[in-house]
> 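There's a structure below that I have some questions on.
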Protein chains: 2
Amino acid sequence: MNWSKDDKRGPRGYHHGNLKEALVRAALELIAEKGPAGFTFAEAARWAGVSPAAPYRHFRDRDELLASVALRGFSEFETALSHAWDDGRPELFAAFDRLGKAYLDFARTEPAYYSAMFEAGISLTSNPELREAGDRAFAVLRAAAEKICARASGRTKPPTLMVALHIWAVSHGIASLFGRGDAARRTLPMSPEDLLEAEMLIYLRGLGVADVQSPASP
Amino acid sequence: MNWSKDDKRGPRGYHHGNLKEALVRAALELIAEKGPAGFTFAEAARWAGVSPAAPYRHFRDRDELLASVALRGFSEFETALSHAWDDGRPELFAAFDRLGKAYLDFARTEPAYYSAMFEAGISLTSNPELREAGDRAFAVLRAAAEKICARASGRTKPPTLMVALHIWAVSHGIASLFGRGDAARRTLPMSPEDLLEAEMLIYLRGLGVADVQSPASP
DNA sequence: GGACTCATGTAAACACTATTAACATGAACT
DNA sequence: AGTTCATGTTAATAGTGTTTACATGAGTCC
């Protein structure tokens, strides 16, 4: 007999082996299916093949599991954004456009993460770790805002932080209102991607950033 | 026959008299307290002083009560927005500024409505009445966008619908990320109102709308 | 090897929720 | 009066979050 963990069923007798990980993955599946509200601690346990009380060995309560999902979400979000941004290479505006598309793409393809991060109502003040993860993701937008601001032509440079917050708000607004399943979807005259791109072009133009073509005539 | 609802205690024997209304109000209280997820059908019934099964005479299920709250929310939202906008009087940009502040004010002072409307995940496709109520509120933003676009100086006028969607996305993004209790609040260098005003000024400038002062120098 | 410990699992219990079914009441209409 | 029907009740089912007491087994020290 071969009891190694590569067995079809694995050893998996009394101890699961990697329950914490399995629960996070189960939560992701379930949230993606039925929204963050429909996600159930008990069902996650069932999905992982353990008793309903087992998860409490790894998470204080249901909210802590949700927070754990959100934490990982912010981490993957940061990775996706910074990969798209790629430090503004090879060209600032192309990279900026990729950044916006990556934002929308994450919200669409990872609705479970996105819900946990922004809609589950987890308190950031009581969870510094989560806040820091969010800040790291936001730092990518901030870095992009920095390079954008450096190109502004006005007498005074716009404040980087403000611009970063603007970019975040627009992206989140579009992703949240139009970017996902038909839960809140309305019939749009254009794709969320085009909508975001147009808005950012107009905004950059208002900022006095050069090399941006007129948005009204594509 | 003066058992109108103005009676001191109302008849209130076996029949409540106005349970549907009472349930909606109870839901509002509860959502405001503990978020849309923490709201409970049973607790709403308790709050109204009836048995847990009574609400089912007025709402098919919990979601339908939530949808009812959202419906009323859109109606009040429309009222608030159109009152602030006041058809662009006495001056376009002052009215537009009021509109933005009214948006944020609604999200802050009526978080229960706002959550039910945008975060409860109620399907709009399966609820035409709700969708229409949302469209009526959006129509105010659209009307504002119309007048804004008419002032655009470029060769071609920007499409009204697109501009309206942009305004909506920005407002919702700021309200949703920074506009309410500390659930998702971050430390900001400025108030949500100032943040929104600045973003709209830059946007309008990018749109080529006249009479807008430079945003970078207040 | 054997005993001790501790993280990690189970089972049983409690209070609570959504929802339904069967029954009760009373307001309105003939 | 009596009937009807909307609107309430009670009782039951099934599923949930969470706690408590107990069980197991992997690693550690002798």
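Each chain gets a letter, A, B and so on, in the order its sequence line appears, and its residues count up from 1. We use all heavy atoms of the structure for the numbers below, so side chains are in, but hydrogens, waters and symmetry mates are not.
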> Please report the distance, rounded to the nearest Å, between CD in E43(A) and C1' in dA14(D).
14 Å
> Ring centres under 6.0 Å, that's the criterion: do F74(B) and Y113(B) meet it?
no
> Quick one: on DNA chain D, does A53(A) or R46(A) contact a more 5' nucleotide (nearest heavy atom)?
R46(A)
> Can you tell me the distance, in whole Å, between the CZ atom of R62(B) and the P atom of dT19(C)?
8 Å
> Has K34(A) got its NZ or CZ under 6.0 Å from the middle of the six-membered ring of F39(A), at an angle within 45 degrees of the ring axis?
no
> Mind calculating the distance between CZ (F39(A)) and P (dG15(D)) to the nearest angstrom?
18 Å
> Let's see if you can work this out: which of dT19(C), dT10(D), dT18(D) has an atom nearest to the side-chain heavy atoms of S51(B)?
dT10(D)
> Output the rounded distance in Å from CD (E64(B)) to P (dT19(C)).
11 Å
> Rounded to the nearest angstrom, tell me the gap between atom CG in N18(B) and atom P in dT7(D).
11 Å
> Would you say that S171(A) contacts L196(A) through its side chain, given a criterion of any heavy-atom pair below 4.5 Å between the two side chains?
yes
> Among the candidates dT9(D), dT16(D), dT8(C), find the nucleotide nearest to the side-chain atoms of H58(A).
dT8(C)
> Counting side-chain heavy atoms from CB outward, which of dA18(C), dA21(C), dT18(D) is closest to Y56(A)?
dT18(D)
> Side chains of L204(B) and F96(B), heavy atoms from C-beta outward: is any pair under 4.5 Å?
yes
> Can you tell me which residue among Y103(A), F138(A), F118(A), F178(A) is in a ring pair (Phe, Tyr, Trp, His ring centres under 6.0 Å) with H172(A)?
F118(A)
> Considering the terminal five base pairs at each end of the helix from dG1(C)-dC30(D) to dT30(C)-dA1(D), what angle separates the two local helix axes, rounded to 10°?
0°
> Taking only heavy atoms on the protein side, list every residue of residues 21-38 of chain A lying under 4.0 Å from any atom of DNA chain C, sorted numerically.
none
> Grab the CG-P distance between L66(A) and dT16(D) for me, whole Å please.
15 Å
> Does R72(B) come within less than 4.0 Å of E110(B), counting only side-chain N to carboxylate O?
no
> Checking side-chain contact (heavy atoms from CB on, under 4.5 Å) between V140(A) and each of T79(A), D87(A), L99(A), which is the one that passes?
L99(A)
> Measure from the side chain of R57(A), starting at C-beta and using heavy atoms only, and say which of dT20(C), dG9(C), dT16(D) lies closest.
dG9(C)
> Name the closest nucleotide to the A54(B) side chain, picking from dT17(C), dA11(C), dT9(D).
dT9(D)
> Taking the side chain from R62(B) and the backbone from F41(B), do they hold a donor-acceptor pair closer than 3.5 Å?
no
> Fit a plane to each ring of F106(A) and F77(A), take the angle between them on a 0 to 90° scale, and name the class: parallel (under 30°), tilted (30 to 60°) or perpendicular (over 60°).
tilted
> Nearest to the side chain of A42(A), which nucleotide is it out of dT16(D), dT20(C), dT10(C)?
dT16(D)
> Between C1' on dT16(D) and CG on L65(A), what's the gap in Å once rounded to a whole number?
15 Å
> Using the side-chain heavy atoms of L19(A), tell me which of these nucleotides is nearest: dT17(C), dG9(C), dT16(D).
dG9(C)
> If I take atom CG in residue D63(B) and atom C1' in nucleotide dT17(C), what distance separates them, rounded to the nearest angstrom?
14 Å
> With the threshold set at 4.0 Å, does a side-chain nitrogen-carboxylate oxygen contact exist between R108(A) and D105(A)?
no
